Amino acid sequence: MDDKALSDLLNRVAAGTIDHDQAMELLRTLPYADMGFARIDHHRELRTGFAEAIYSPGKSPDQMAKIALELFGHSSGAVVATRATKEQFEAIQQTVPGASFNEVAGLVVIRQAAVASSHLVSVVSAGTADQVPATECVATLEALGIKTEAMADLGVAGIHRILDKVPSLRLADVVVVVAGMEGALASVVAGLVSVPVVAVPTSAGYGAGVGGITPLLAMLNSCAPGVAVVNIDNGYGAAMFAATILRNKT
């Protein structure tokens, strides 16, 4: 339930088209729904503007299906499940037939946002090895109704590749940069655009990359201003941060 849904309910009570008991029943699960194995935070959409997402690892297909159905029935905007397996998606699909699955990202879209945004987010990835978190970011933004432009394989080892894309990057409202190895692409991009840059360090790289720690620290130490850094391989988190910026953009 979001602001509009709650306002509509209150207006219906005031107009007498729904009685007190019916309204109370609809509000009964507003804070959260206790399912025994999970407590679904239905109040999150009202508080933050975005429904709770399902983090899939560690959940059985049956649990995924039950949680997905609960969120689908009580959320107004986009609902997604991250890091899902095909087996988990198939269980969800049995209860929510309209659900879709991006197998590269492991992202299940249970409900697509009804309203499309006019804003644009460019998602730039350094190499093909970064495609999983980059695709997770793009798929999440699209579920939220936000236009995206994906730009792949623009790493700094061939700096001319990213320079060729500068005119397009400057049309974006937010740029997400997904990079492993030494993570330098985020600093390069942030020095070329005037909009917020969200950096996603990835685990792509050899031993000294320490599973993404090296690009994480490099991005945190960026000499270019306007860079915010999310966790390693967290394309979903980058998408949500970009969406939050755009939600509050005037």
Side-chain angles (χ1 to χ4, degrees), residues 1-2 29-114 116 121 123 125 128-146 148 150 152 176 178 180 198 200-204 211-212 230-244:
M1 180 174 285
D2 60 7
T29 58
L30 179 58
Y32 67 90
D34 188 349
M35 304 181 70
F37 59 88
R39 291 180 172 83
I40 311 303
D41 184 7
H42 290 312
H43 200 268
R44 189 171 305 185
E45 191 174 19
L46 186 61
R47 296 193 314 270
T48 70
F50 302 107
E52 183 175 22
I54 307 171
Y55 178 68
S56 306
K59 295 180 175 68
S60 70
D62 181 63
Q63 289 173 333
M64 290 288 292
K66 290 175 179 176
I67 294 170
L69 183 61
E70 178 67 24
L71 283 166
F72 179 80
H74 291 84
S75 302
S76 302
V79 180
V80 301
T82 67
R83 306 296 170 92
T85 65
K86 189 172 183 180
E87 184 182 14
Q88 288 172 323
F89 163 65
E90 289 171 350
I92 290 172
Q93 199 175 35
Q94 294 298 313
T95 59
V96 186
S100 62
F101 185 46
N102 187 309
E103 197 162 356
V104 173
L107 190 86
V108 180
V109 178
I110 298 157
R111 182 193 294 281
Q112 187 91 13
V121 177
V123 180
S125 53
T128 306
D130 303 309
Q131 69 171 328
V132 172
T135 303
E136 182 182 52
C137 182
V138 170
T140 301
L141 288 165
E142 290 177 346
L144 294 168
I146 298 170
T148 64
V176 176
V178 186
V198 186
V200 185
T202 79
S203 51
V230 300
N231 208 343
I232 298 166
D233 292 331
N234 191 4
Y236 168 78
M240 295 307 297
F241 186 70
T244 301

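Side chains included, hydrogens not; waters and symmetry mates left out as well; all remaining heavy atoms used. Just so it is clear, the structure is predicted and the values come from calculations on it, not from any experiment.
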Side-chain touch [X]/[Y], heavy atoms, less than 4.5 angstrom:
| X | Y | value |
| --- | --- | --- |
| Arg83 | Asp233 | yes |
| Leu71 | Ile54 | yes |
| Gln93 | Phe101 | no |
| Pro61 | Glu90 | no |

Heavy-atom donor-acceptor pair, [X] side chain to [Y] backbone, under 3.5 Å:
| X | Y | value |
| --- | --- | --- |
| Glu136 | Gly237 | no |
| Thr82 | Leu107 | no |
| Glu52 | Arg44 | no |
| Ser75 | Phe72 | no |

Could you tell me which non-hydrogen atom of [X] sits nearest to which non-hydrogen atom of [Y], and how far apart they are?
| X | Y | result |
| --- | --- | --- |
| Ala91 | Ala65 | O-CB, 3.4 Å |
| Lys59 | Gln63 | CA-OE1, 3.5 Å |
| Val200 | Asn234 | CG1-N, 3.7 Å |
| Pro133 | Thr202 | CG-CG2, 3.8 Å |
| Val123 | Cys137 | CG2-SG, 4.0 Å |
| Leu144 | Ala243 | CD1-CB, 3.7 Å |

More than 12 heavy atoms from other groups under 6.0 Å of CZ on Phe50: yes
How long is the straight-line distance from [atom2] of [Y] back to [atom1] of [X], given to the nearest 0.5 Å?
| X | Y | atom1 | atom2 | answer |
| --- | --- | --- | --- | --- |
| Ile92 | Asp62 | CD1 | CG | 11.5 Å |
| Ser60 | Lys66 | OG | NZ | 8.0 Å |
| Ile67 | Tyr55 | CD1 | OH | 13.5 Å |

Test ring pair (Phe, Tyr, Trp, His ring centres under 6.0 Å) applied to Tyr236 - qualifying residues, sequence neighbours left out: none
Audit row: Met64, Val108, side chain to side chain contact (heavy atoms under 4.5 Å, CB included) steps and yes/no: CA-CA 11 Å; Met64 290 288 292; Val108 180; 5.7 Å; no
